[in-house]
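First the structure, in the form of structure tokens, and then the observations on it.
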Number of protein chains: 2
Amino acid sequence: MTANHGRPAPGAAHDDTAATPEDPPVRDEAAARGPSQDAARGASVQDDTVAAVVRQWRAVHPDLDTAPMEIIGRINRCAALLQQAEDAPLRRAGLSRAEFDLLGALRRTGHELTPGELARETFSSGAAVTKRLKQLTERGLVERRGDTRDRRVAHVRLTDAGRELVDGILPEQLAYERTVLAGLDGAGRGDLAVLLCELLSRLEGRPGALRI
Amino acid sequence: MTANHGRPAPGAAHDDTAATPEDPPVRDEAAARGPSQDAARGASVQDDTVAAVVRQWRAVHPDLDTAPMEIIGRINRCAALLQQAEDAPLRRAGLSRAEFDLLGALRRTGHELTPGELARETFSSGAAVTKRLKQLTERGLVERRGDTRDRRVAHVRLTDAGRELVDGILPEQLAYERTVLAGLDGAGRGDLAVLLCELLSRLEGRPGALRI
DNA sequence: AACAGGTGTTTTACCGGTAAATTATGTCGC
DNA sequence: GCGACATAATTTACCGGTAAAACACCTGTT
């Protein structure tokens, strides 16, 4: 998903008769091969799908500065692949990612949360939380009680089964993430965390600071 | 979204009567303040939501190595925020992200694609592509023709309106991405692109190389 | 030629998410 | 204490995605 970083077209496949009248087959690798920016870091830049997509855009729009894609495209693509990989073990445990996030929020805060807090905590809508809580309650993973003072609010907590489920899955997820990150050396991991933190801080900055 | 990086609970809110019997309120900032790894890069690490979440996990599970979260959590969170930000201008143009991805794939390859190729190109299911193509065709953004040799396959191409729409939106997206990335200096951007490329290459590596 | 099996696309049934409306409750000013 | 307004949660209607089945067509074998 996300804006622009599908797979490169493998090779025009078996086309058919007349090519589309507009645009003549702009289809060479001419446009500036290799990485656009190779920093101080000597690492030989591999050829990932994003690089191929960026090449395509440059061939079609040589005037456009496509540098941001090299970062944003990769972030999006990494996120998509990571989620896909981590969803498998979740499914095995009978959970969707959204459900795991909800349980995880309860586990890591260590105390009860209201549905509203859970919605904020998991970045989802209140309606979605209501639905998920219904299912998770039926499955005995969470419990709810009403607030005695304010009868609009409910308090949700993990059951023992819920806590055990999260505690069983989390180390597995972390172990997978560790193997993925093992491709980078210690300094690389440190740099990456710092750079992403700077980027994220900017994205999270006081709401609205960065355009809508 | 994604595994573990919601917002930190602002402060137990106004709780109620008895706290849950299990787990005593583990709720101090004690657990190793500050960034877990501060690399060579001197940058003062900011305090983003992921850092807060990682602190929570460390407080509850001091034994667990939460380092991967500092990277994976931030990638996921960045991706979510970026997509949210970039969806707004898309909506204004009457497109969903998935639709824009499809049009973008057609635009950047510069030639016709079959529905199947579009599915691979945009990482979505064939069924989803079928539905999107139906809508986009009705809106006059793409056209389709049957293959003359193999009547199972269709060939999809952008209409002029479709191409103009993509060409109008793309620079806007890139401009936004550039302002977001302006928070990093040139070397930082270069390093980030390279590090993400290494990570992505590993994630994309020969299918199945990395666990499921 | 007929058929078995493969491939490209579409259809079907369903699931989960959201926005907006709804319900129920609390709070503030008078 | 009562009306106006705010807030917490839920319900409703709908939309878009997927998996699996169905369909249409091709290709190789006999």
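Naming: A, B, ... by sequence-line order, numbering from 1 per chain.
- A donor-acceptor contact shorter than 3.5 Å is absent between the side chain of B:Thr122 and the backbone of B:Asp101.
- In this structure, A:Gln135 reaches the sugar-phosphate backbone alone: every heavy-atom distance under 4.0 Å involves primed, P, OP1 or OP2 atoms, never a base.
- A:Gly126 comes within 4.0 angstrom of a base, heavy atoms only.
- In this structure, CZ of A:Arg132 is placed 15 Å from C1' of D:dT10, rounded to the nearest angstrom.
- A salt bridge links B:Glu70 to B:Arg74: at least one charged side-chain nitrogen sits closer than 4.0 Å to a carboxylate oxygen.
- Side-chain N or O atoms of B:Glu204 include one that pairs as donor or acceptor with a backbone N or O of A:Thr49 at under 3.5 Å.
- B:Cys78 places a side-chain heavy atom less than 4.5 Å from the side chain of A:Leu203.
- Comparing D:dA6, D:dA9, D:dC26 against the side chain of A:Arg152 picks out D:dA6 as the nearest.
- Along DNA chain C, the stretch of nucleotides lying under 4.0 Å from any heavy atom of chain B spans, 5' to 3', C:dG6 to C:dA13.
- For the pair A:Ala98 and B:Val129, nearest-nucleotide mapping onto DNA chain C gives the more 5' position to B:Val129.
- Contact check on B:Arg132 versus B:Glu99 returns no salt bridge, with no Lys/Arg side-chain nitrogen under 4.0 Å from an Asp/Glu carboxylate oxygen.
- Side-chain atoms of A:Arg189 do not come within 3.5 Å of backbone N or O of B:Ala67 as any donor-acceptor pair.
- Comparing A:Arg144 and A:Lys131 against DNA chain D, the residue whose closest nucleotide sits nearer the 5' end is A:Arg144.
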